[in-house]
Amino acid sequence: MSSVTLSDVEKYYGPLRVVHGINLEIESQEFVVLVGPSGCGKSTTLRMIAGLEEISAGTVAVDEKVMNRVAPKDRDVAMVFQNYALYPHLKVFENIAFGLRIRKEPKEHIDKTVREVSEILGLTPYLDRRPAELSGGQRQRVAMGRAIVRHPKVFLFDEPLSNLDAQLRTQMRAEIKRLHKRLGVTSVYVTHDQVEAMTLADRIVVMNDGNIEQVGTPMELFTNPANQFVAGFIGSPPMNQFEGTVSANADGLFASVGNASIALPEVNNVQHGQAVIVGIRPEHISIHPVDGLPSIPIALDLVEPLGSEALLHASIDNQPLIIKAETHGDIEHLNSVSELYAPTDLIKVFDKDTGAVINSHPTGRIAS
Amino acid sequence: MSTATDKQPLPARRPKRSLKDRTTWLSDHIRNEWRLYLMLLPTIIWFIVFLYKPMYGLQIAFKDYSIFKGVAKSPWIGWEHFQALFSNDQFLRAVSNTIKISALNLLFGFPAPIILALMFNEVLHAGYKRAAQTIVYLPHFISSVIIAGIVITAFSPSVGIVNTVLGWFGFDSVYFLTKPEWFRPIFVGTGIWQEAGFGSIVFLAAIAGVNPSLYESAVVDGASRWQMMWKITLPSILPTIIIMLIIRIGNIMEVSFELIILLYQPATYETADVVNTFVFRQGLQSGQYDFAAAAGLFNAVVAFVLVMFANTLSRRYSRTSLW
């Protein structure tokens, strides 16, 4: 199995720089997800690893061998595309066998390998069909079969599930994870869907505007976002963020948000009167009184029931926030919520100017 | 891996509607979309005036037509003209020439624009590609009279470039356009030079429609440009090739009439005279309108049968057809 190393990788389209010198170490057998909004450079980065885009500066190495000048076919990587990239005129068998035929592998080997891979992916009954005669999920499996059949060093996935409906996406997500566990091939996966990133990744790379904002395990990113961008991107719904001013009294630090005061965790490097961004995840907020925590008045706007949970859309001093609360089978009691309790140790404080987190904590305790 | 929950694509089925429903739907549709139908009207009128109304005159193929009696009052004579046609050596020669020239056109002229389009697709330098395309499109916009003039001059025994070059290698001058054996190669070659470039546009458009990720996927799989052309580009544009082939087969009896008229001469009738030039000579030059109409009708029926045949074959074997 193989590692992938990106060192100071840049990409220019004419004068426009779309990837700003990124550095990333992907370990052997690791499943790394590049996530970020549209246009953040994640697909371009993946395509540079594949060799489909020229690298403007820096190096991409697979197993410490620099690949900048190596043709895509010689990089021993396989790529799964967003729109499957299946040959419409070829049957499933031939689509899967394409890469092997191009490499002039012996017929018996092709036949054996394709049938093995089809078995793994549950495609055996469909080998004689053309792509147009398959469902979206089956087509995606054929696309994966084409990648697997070559036994590459690295799998590259470019938003492979974004053309599928929500139900099928969940199912395929699990299948990809199972497949990775079974094959153990180093994988780089691009998506803009943070749920996909959280569920699939060993490590997530959050990208924004051609830069890497943070690299970490899903739980690290969730509990310890490095900045406002990551906090707002990871999590569903994302972290609530309010503008406030730091003040202190005998009980500790507070952030004044309008008329409300939010108790802050111990932070060394803030000053009285400093403008900060206070962040708290919707699932960390309690709507029931918690000992030692001051109540924060809110104006409830609407309640969105999701079944066992509900999303409460509200505001503090006209700054919107979302609370995730348990319904216990009934949402009536949620319509009268007028205050919340924010556990101090789960609150994040961000610098208002740089967006960087001021405090961080290693644990990921969820408020009950 | 589980497949049980995957959705299978189901064929769309429209419930049958009664005649009344369909009439109501049509009138509503026309009322809503009258602007589109209004735009369609000039074309429909053109078809009626220039293609359907003249069909009334087709009946003279079965009549002893007299311009003084008119189409309606000329007496019916049944299949007499057709019997005369099939015992006319010149007509049979014209049919044979038409088929031979069309076959050559199909064999060499049909693949030419496809090959050109594939070649253009491989040219990476945008400026060079544009220049090359413009150069090969140009002959299409030149009048057949000028084209014929260029050909006549090029093959002239005294000043033609072909004979000049042959002269450099010690060959005697040949008056190509008076040699029956040279007429078909010159005619087919001229047709390719004039139309291959312009004809490549439709194939280039088809190539432009091929999903680029098919090529990217093939690149990652290790395919060369040559392999991509054979395994991706050609199969992807096959439906377009088939449609164009059906149209071409439908026009198999329609050999470029003007160019033949301009290039042929009695010395080359043996290989150059086609049904259309035969009809032209009989109908307009000899005044045998009824006889010429019979020849023209025969031409049209053969073309119709050919296009039906090609379409049916294509639908059966490639699932691509005009209708």
Side-chain angles (χ1 to χ4, degrees), chain A residues 47 50-53 71-90 94-95 98-104 119-126 132-141 143-144 146-147 149-150 152 156 158 165 167-168 171-172 174-175 178-179, chain B residues 1-13 114 118 121-122 124-127 203 206-245 314-321:
Chain A
R47 290 166 63 83
L52 295 173
E53 295 283 351
K73 68 184 171 76
D74 299 321
R75 296 188 180 200
D76 207 0
V77 298
M79 188 155 167
V80 179
F81 291 82
Q82 180 176 357
N83 54 13
Y84 321 125
L86 300 181
Y87 304 116
H89 54 283
L90 297 181
E94 287 304 322
N95 261 291
F98 188 84
L100 300 177
R101 290 215 194 282
I102 290 289
R103 283 156 198 258
K104 297 195 167 46
E119 202 57 46
I120 293 171
L121 294 166
L123 286 170
T124 308
Y126 310 109
E133 297 160 341
L134 301 176
S135 68
Q138 288 163 347
R139 283 181 211 178
Q140 193 53 64
R141 266 189 234 132
M144 286 198 284
R146 277 185 45 184
V149 82
R150 281 179 33 215
L156 305 172
D158 189 5
D165 61 47
Q167 195 184 351
L168 205 50
Q171 185 190 331
M172 288 303 296
E175 290 190 8
R178 229 171 277 142
L179 201 65
Chain B
M1 292 219 171
S2 158
T3 57
T5 56
D6 277 6
K7 286 178 224 153
Q8 296 294 328
L10 293 172
R13 204 176 220 183
I114 301 170
L118 291 171
N121 189 48
E122 297 303 316
L124 297 178
H125 190 280
F203 298 108
I207 291 171
V210 180
N211 180 356
S213 61
L214 294 186
Y215 294 107
E216 291 182 341
S217 171
V219 165
V220 176
D221 279 341
S224 63
R225 289 185 79 83
W226 180 253
Q227 285 172 317
M228 284 193 278
M229 192 179 82
W230 279 104
K231 291 179 186 288
I232 300 172
T233 312
L234 261 179
S236 298
I237 65 167
L238 197 60
T240 309
I241 293 175
I242 289 170
I243 295 288
M244 297 308 287
L245 185 66
S314 169
R315 191 170 44 210
R316 185 168 298 173
Y317 295 109
S318 73
R319 301 184 199 171
T320 305
S321 60

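Just so you know, these numbers come straight off a predicted model, no measurement behind them. A, B, ... follow the sequence lines: proteins, then strands. Residue 1 opens every chain.
Among A223(B), S236(B), S224(B), the residue making the largest number of heavy-atom pairs under 4.5 Å with chain A is A223(B). Chosen from M79(A), R75(A), R47(A), the residue pairing most often with chain B at heavy-atom distances under 4.5 Å is R47(A). Among L156(A), N83(A), D158(A), the residue making the largest number of heavy-atom pairs under 4.5 Å with chain B is N83(A).
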side-chain contact (heavy atoms from CB on, under 4.5 Å) for H89(A) and L238(B)? Distances and angles first, verdict last. CA-CA 9 Å; H89(A) 54 283; L238(B) 197 60; over 6 Å; no
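The shortest non-hydrogen separation linking V220(B) to A78(A) is CG1-CA, 4.1 Å. What you find for R103(A) and D221(B) is that their closest heavy atoms are NE-O, 3.0 Å. The minimum heavy-atom distance linking A85(A) with S213(B) is given by the pair CB-O, 3.6 Å.
Proximity of L214(B) to P88(A): side-chain heavy atoms (C-beta onward) are separated by under 4.5 Å at one or more points.
A side chain to side chain contact (heavy atoms under 4.5 Å, CB included) with S217(B) is found for one member of Y87(A), F98(A), Y84(A) and no other, namely Y87(A).
Expressed to the nearest 0.5 Å, how far CD of Q227(B) lies from NZ of K104(A) amounts to 5.0 Å.
Contact annotation for E216(B): both backbone and side-chain heavy atoms come within less than 4.5 Å of a heavy atom of chain A.
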